[in-house]
Amino acid sequence: MTAVVIGASAGGPSALQHLLSHLDASFRGPVVVVNHLGPDGPDFLADMLAKTSRLPVETARERIVAQPGVVYVAPSGYHLLLEKGGRFALSMDEKVAFSRPSIDVLFASAATAYGANLAGVVLTGANADGAEGLHLIRRAGGLAFVQDPDEAAIRTMPTAALARAGADYCGSLAHIADRINRLPR
Amino acid sequence: MSPETDPALLEELEVDLFVEVLHRRYGYDFRDYGRASLTRRIRNLVSQQGEQSIADLAARVLHQPERIGDVIAGLSVPVSEFFRDPSVFLALREVVLPALSTYSQITIWQAGCARGEEVYSLAILLTEAGLYDRTHIFATDISDAALASAKEGIYPSEDLRDAARRYLAGGGTHTLSDYYHARYDRAKMDQRLISRVTFANHNLVTDEVFCEAHLILCRNVLIYFTDVLQDRVLGKFATSLVRGGFLCVGTRENLQFSPAAQKFHAIDIKAQLYRLQGKR
């Protein structure tokens, strides 16, 4: 079973909505999302994404095992990490490149926990978070999908990810969703 | 897969080695720290200290005791802020302090005080409630560097400006600037706020309980511990607290896997405020 980790920043919520709405209801991997511009309400993003996602969406809780076929959103103000065995851990360590949660922190831990059974996805954003993490995911044998910078609301983040990590696929949100749907179950 | 073919397994082995060095050589027990965060901090240390690998760092620390202070400081990465989660301070003000005011002497243990932001926040809260003069606060941390900086009480002015709104949202009755002197970009906290604070090095993993507390504040510390260690520490808190004593943990902490947590009942789940079973 392949897990999916997704990082988004500026323009993230609507890109995530779009991407998640194209995922099959039968998708069996856990999907874990870090989005930067954390809204004030702690569970606001999860509630918003739940409206259009065919998979259930929740805010990630510490010590809980990520369940297949569920989308988890990082709570704002904490780094979210995955332990071996797919358990969530939270961290209050310093911000990384002005961000907490940090995409790189999630991706790096997921690469260690899931190795080749992982796909990392970098979407729109105005910084370089996710680039290093995506590199680590590929190095551990996982797949990298990057939103086409020409299609992204802000091209900086996908561009940085492509420069640092390259990608196994770069394209539109609908096509990335299609790749995710076809990951080994 | 064997370590030769799987880099993740190789790194796991190196982390084990490093943790073993800290434990057997220096008595610092990180064996029950959550691996994901611990590994991340160790990786950061490796690059900070200019080492090539975790194994190199382990060897260096093994043979150079003078580096242990930096290593512990690096592994504890103390991050805190003034009046973080104002709703928690409001709950402390409205629910906990009135109960504490019935005691002639109040003892509070802040476990894992990091650089002290929360100690000062707490002292302000107690001052405004008129309870500070009969309170003793034990502020403990595993890192001497963090304790020294907490005692010094100097912070970026920006941190305090950002905190002013949280202080008011947390029920503050004055203005936060009454409690510090800002000069350029640094602010020094009013030292009266720590006149009744004892800063002490204490390791939650290996050290025993040392006081009978009415309130224990330990926010976002247990998140770094495995279930086993989280449970052990909650057991220590239960031992330290008076009957009906209060425990406050971080707002996102999950105590559901700890048998010792059964000794507490939640009185405000949003603020993560608990009370030891059995009223006094």
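Throughout, protein chains are lettered first and strands after them, A, B, ... in sequence-line order, and every chain is numbered starting at 1. Atom set for the values below is all heavy atoms of this structure, side chains included, hydrogens, waters and symmetry mates excluded.
Other residues, nucleotides and ligands contribute at most 12 non-hydrogen atoms within 6.0 Å of the CD atom of B:E158. For B:H23, the NE2 atom is densely surrounded, since the number of other residues' heavy atoms within 6.0 Å is greater than 12. Applying the 6.0 Å contact sphere to CZ of A:R139 captures no more than 12 heavy atoms from other residues, nucleotides or ligands. By the 6.0 Å contact criterion, NZ on B:K236 is enclosed, its count of non-hydrogen atoms from other residues, nucleotides or ligands being greater than 12.
Within the model, atoms CG of A:L81 and CG of B:L38 stand 11.5 Å from one another, a figure rounded to the nearest 0.5 Å. The distance from atom CZ of B:R41 to atom OG of A:S91, rounded to the nearest 0.5 Å, is 6.0 Å. Atom CD1 of B:I223 and atom OH of A:Y78 lie 6.5 Å apart (nearest 0.5 Å). The distance from the OH atom of B:Y224 to the CD atom of A:E62 is 10.5 Å, given to the nearest 0.5 Å.
In this structure, B:R115 pairs ionically with A:E94, as a charged nitrogen and a carboxylate oxygen lie closer than 4.0 Å.
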Worksheet entry | Criterion side chain to side chain contact (heavy atoms under 4.5 Å, CB included) on B:R35 and A:E83, from CA distance to verdict | CA-CA 7 Å; B:R35 273 305 164 103; A:E83 296 278 2; 3.7 Å; yes
Worksheet item: Going through the checks in order, is the salt bridge (Lys or Arg N to Asp or Glu O under 4.0 Å) test met by A:D104 and B:R40?
Response: CA-CA 11 Å; A:D104 280 338; B:R40 182 172 171 266; over 6 Å; no
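A side-chain donor from one of A:T112 and B:R43 sits under 3.5 Å from a side-chain acceptor of the other.
Taking 4.5 Å as the limit, some side-chain heavy atom of A:M92 sits within range of a side-chain heavy atom of B:R84.
Contacts of B:Q256 with chain A are made by side-chain atoms alone, with heavy-atom separations under 4.5 Å and no backbone atom involved. Only the side chain of A:R87 has a heavy atom closer than 4.5 Å to any heavy atom of chain B. Only the side chain of A:K84 comes within less than 4.5 Å of a heavy atom in chain B; its backbone stays farther off.
When the options B:T226, B:D227, B:N254 are evaluated for a side-chain hydrogen bond (donor to acceptor under 3.5 Å, both in side chains) with A:R63, the one that passes is B:D227.
Among A:L90, A:D93, A:L82, A:V105, the residue with the largest count of heavy-atom pairs under 4.5 Å with chain B is A:D93.
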